[in-house]
Structure formats: structure tokens, C-alpha cells
Amino acid sequence: MQHPNKLKRLPPSFFEQPTLELAKALLGSILIKETNDGTAAGIITETEAYIGPGDQAAHSYQNRRTKRTEVMFGLAGFTYMYTMHTHYLFNVVTGQADNPEAILIRSVEPYFNKELMQQRRPKARNDYQLTNGPGKLTKALGIDMNDYGHPLHQKPLWIAKGELDAFTIASGSRIGIDNSGEAKDYPWRFWIKGNRYVSR
DNA sequence: ATTGGGATTACA
DNA sequence: GTAATCCCAATG
């Protein structure tokens, strides 16, 4: 393990690959957030792709463009945040300008400063409960609505190249979208096979 | 397996 | 105002 500041940041060009490719490429990468309380980081272990106009499960379905979905129509590599009840969910915007696509980060494996994460999530009884869900990891890492629209190649919120050895990628249908017609069966959820820190 | 919580945004 | 939402944690 290294201090997050020493890890190699992923450049804007990294985010320009096709959304489904990027969803897989992000697995194993390291998500880092620096706050006044300290810096915390996690290895991305689970992602879900949401692909624009034709994806009934996406907020940008049929090019629905509102104040909330606005960043999705911009360039890749920016942060799309939205709230779900009391939780903040973190997404990476992908696709060209005017292609409203994004990747939801569903879980991470604690990498740096687990103590701070535990402090932010006092109810977690073990280290996988710290970050094995989309609302959990944002809380553990200290990501909130202030990060909406933030470019992911610079502080205080960025993604770095991972250091995992080769691993197998598993895929399946996405979660929490039962009301999304046939889109609910698209195998657009990806995770690191065998990793303990995935949701469900 | 089911349900209460109580944020935020969109649309009438 | 009211309905809807890419969830979480505590219950039976």
C-alpha cells in the first residue's frame, strides 16, 4: 500500500473509452477523497453502466435533461451525484459530449485510512460493511453533493491507477431497477470475481 | 422477506 | 403539493 498522493492519477483521456469498457477498466482502480478530516481511499470492486437515451434505467433515459442530469451531457471524467433518501450516490460521467452516459460505483474495498471510514460509519461491524454499497462508500469516503460536477483527475476527489494483480471480471444484471422494463436484464453490472467487498 | 426512514428533485 | 427515486438498516 502507498499513500494516495503517490499513486498515479488517471488522466482525462482514460475516461474517454466506451462506457462498457470503462466500467470494466475502473475495476481495481483507486478512488480517493481528501477532506479536512484526512484522506481516505478505496479500490473499486463493483460498477454499473447506465447508457443514455436507450436505457430505461438511466436518469438520462430519452435524453431527459434537467438540472440534475445536466453533467451527464458533458464530457467524460466528471462526477455525477444524486441523492436517494438520505444517501449520496457517486457516478462517473462517460461518453462524448451530448451522450448522457455514466457509471455508478457500487462498492469499493477499503485501501487507505480505514480508521477514518469506520469513524464516519460507526455502525459498520466489519471492514466490508464499511463500503459494500453505493450509499455506504460515499459516506465512508466523505463524498457528497459538493462533489457534483467535479473533474476526477484532480483534488480533492480523484481516481488513480490500481495495483492489483490480474483478476477475473464477472458481470450480471443491475440492481434496484425492477421497474425499468427490459433494461433490467442488461448485464451491465461488473465486479471483481471472488472479491468480498461487493454489495449483496 | 418485509418495512420504515425522511433527502432531493421533478412535474402537476 | 405530491410522487418518484440507480438505498440502508432494522425488524419479523
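Quick note on labels: first sequence line is chain A, next is B, and so on, each numbered from 1.
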Do other residues, nucleotides or ligands put more than 12 heavy atoms under 6.0 Å from A:Gln154 CD? yes
Heavy atoms from other residues, nucleotides or ligands near OH of A:Tyr128 exceed 12 (cutoff 6.0 Å): no
Within a strict 4.5 Å, meaning less than it, do heavy atoms of the [X] and [Y] side chains meet?
X: A:Arg9; Y: A:His153; result: no
X: A:Met117; Y: A:Leu141; result: yes
X: A:Leu157; Y: A:Phe90; result: yes

How long is the gap from CD1 on A:Ile43 to CD1 on A:Ile32, to the nearest 0.5 Å? 10.5 Å
Kindly state which residues belonging to residues 50-78 of chain A come within less than 4.0 angstrom of DNA chain B, counting heavy atoms of the residue only, listed by number. A:Arg64, A:Thr66, A:Lys67, A:Arg68
Are A:Tyr80 and A:Tyr82 near enough that their ring centres are under 6.0 Å apart? yes
When you measure from the side chain of [X] to the backbone of [Y], do you find a donor-acceptor pair of N or O atoms at a distance under 3.5 Å?
X: A:Thr19; Y: A:Glu101; value: no
X: A:Arg64; Y: A:Thr69; value: no
X: A:Thr35; Y: A:Gly142; value: no

Under 4.0 Å from any heavy atom of chain A: name the first and the last nucleotide of DNA chain B that qualifies, 5' to 3'. B:dG5 to B:dC11
Can you give me every donor-acceptor pair (side chain of residues 102-115 of chain A, partner residue at least two apart or in another chain, under 3.5 Å) with its distance?
unit_1, atom_1, unit_2, atom_2, d
A:Arg106, NE, A:Glu46, OE2, 3.2
A:Arg106, NE, A:Ser199, OG, 3.4
A:Arg106, NH2, A:Ser199, OG, 3.1
A:Ser107, OG, A:Thr45, OG1, 2.8
A:Ser107, OG, A:Glu46, OE1, 3.0
A:Ser107, OG, A:Tyr197, O, 3.0
A:Glu109, OE1, A:Asn195, ND2, 3.0
A:Tyr111, OH, A:Gln2, N, 3.0
A:Tyr111, OH, A:Glu163, OE2, 2.9
A:Asn113, OD1, A:Leu116, N, 3.3
A:Asn113, ND2, A:Thr39, O, 2.9
A:Lys114, NZ, A:Asp127, OD2, 3.4

If one requires at least 3 consecutive Watson-Crick or G-U pairs with distances under 3.5 Å, the stems of DNA chain B turn out to be B:1-5 with C:7-11, B:7-11 with C:1-5
Each nucleotide of nucleotides 7-12 of chain C classed B (base within 4.0 Å of a protein heavy atom), S (only sugar-phosphate) or -, in 5' to 3' order, makes BSSS--
For residues 49-57 of chain A, which side-chain N or O atoms pair as donor and acceptor with protein atoms under 3.5 Å away, sequence neighbours left out?
unit_1, atom_1, unit_2, atom_2, d
A:Tyr50, OH, A:Glu48, OE1, 2.7
A:Asp55, OD1, A:Ala57, N, 3.0
A:Asp55, OD1, A:Arg174, NH2, 3.1
A:Asp55, OD2, A:Ile51, N, 3.1
A:Asp55, OD2, A:Arg174, NH1, 2.8

